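The structure displayed is predicted, hence computed values, not measured ones. Chain naming here is simple, since letters A, B, ... match the order of the sequence lines and numbering starts at 1 in each.
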Amino acid sequence: MTQNKINIQSYIKIENNEIVLNGTSVFKIEPTDFTDFAKQAYRNFEMQYPKFFKMDALSKLAFLGSELLLSPIVSTDPSDSELAKQKENNIALVLANKSSSLDTDVKYQESISDKENYFPSPAVFVYTLPNICLGEISIRHQLKSENSFFIFDAFNTDFMSNYSEILLNTNKAEKVLCGWAELFNDNYKAFLCIIDKEENEKYKNENINTLYHK
Amino acid sequence: MEALKAELKNKIITTLNLEDIAVEDIADNDPLFGDGLGLDSIDALELIVILDKDYGIKLVDPKEGKSIFQSIETMAAYIDANRTK
């Protein structure tokens, strides 16, 4: 399958204790576990969203990436009309990964495996689905848009491009935040990008596949 | 009772991942929900688990939670009167 022409506006990669935004390293620390990395990144970018600490690791990963991409473009101006905000914030979310929510599923399973000490945690249970991270992003940015989470063996960039293009061409969304957010047992990699109908000179010769593998 | 209140504040901060809040930030009569600590419905369920797991109290009627979980003061008083461990 050939990849259709889509217009990438910005992208972010998170892996190996580093965050790279639009090709530039914006945060890098000494090797540590993901929980610590996420906490330090949150503090570094002064995100001011205490609910972040209640999220599971997959949601934190997707949240960190989306936060840096969406914050500059999502309308938060209280003087904007509701209609203008809805149009401006009509950003579909389409993510995928390999391990689904297995990282949290395993933790939850451990919490209920001892019948003599059986205290399931509601706060862990609510994250035992991969698409919960999309809900967290939607709540944060007041998005009432299309969203989907897919599970693939590897990042299927053709699928992601085509799916996003359909959302844009059928006017289901003004922009699409799409990508890969994989995390299991402290191994993590996120690649997220914003695409829309407008061509961006900076990435006119790039597509999701080339940027993901850069 | 003062020790129990301090214990509860620590448990709440740890269990509910209240990263930016310290024990001394929580007054005994601060509301736990709404304008106080700002806990949500999932946090309420976690508080019910704490009662069961750490103090042997099973809340049969979740509606009871509204008065029990008003503040650290009301929570400690309820635990003190009903704990089995």
When you look at [atom1] of [X], are more than 12 heavy atoms from neighbouring residues, nucleotides or ligands closer to it than 6.0 Å?
{"X": "K189(A)", "atom1": "NZ", "value": "yes"}
{"X": "K172(A)", "atom1": "NZ", "value": "no"}
{"X": "F53(A)", "atom1": "CZ", "value": "yes"}
{"X": "K11(B)", "atom1": "NZ", "value": "yes"}
{"X": "K28(A)", "atom1": "NZ", "value": "no"}
{"X": "K63(B)", "atom1": "NZ", "value": "no"}

Looking only at non-hydrogen atoms, find the nearest pair between A123(A) and E46(B) and report the distance.
->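 Closest pair (atom of A123(A), atom of E46(B), distance): N-OE2, 2.7 Å.
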Taking every non-hydrogen atom, the tightest pair across K54(A) and L16(B) =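 Nearest heavy atoms, K54(A) then L16(B): NZ-O, 2.8 Å.
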Rounded to the nearest 0.5 Å, how far apart are CZ of F119(A) and CG of D54(B)?
->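 Answer rounded to 0.5 Å: 8.0 Å.
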Heavy-atom distance under 4.5 Å to chain A: side chain of I21(B), backbone, both or neither?
->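 It is neither, since no heavy atom gets under 4.5 Å.
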With a 4.5 angstrom heavy-atom cut-off, could you sort out which part of D52(B) is near chain A: side chain, backbone, both or neither?
->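 For D52(B), the contact with chain A is made by backbone and side chain together.
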Does the side chain of V49(B) come within less than 4.5 Å of S121(A)'s, by heavy atoms?
->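 No, too far: nothing below the 4.5 Å cut-off.
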In sequence, state the C-alpha distance, the side-chain angles, and the governing distance for E19(B) and R43(A), and then conclude on side-chain contact (heavy atoms from CB on, under 4.5 Å).
-> CA-CA 11 Å; E19(B) 187 75 19; R43(A) 300 253 188 252; 3.2 Å; yes
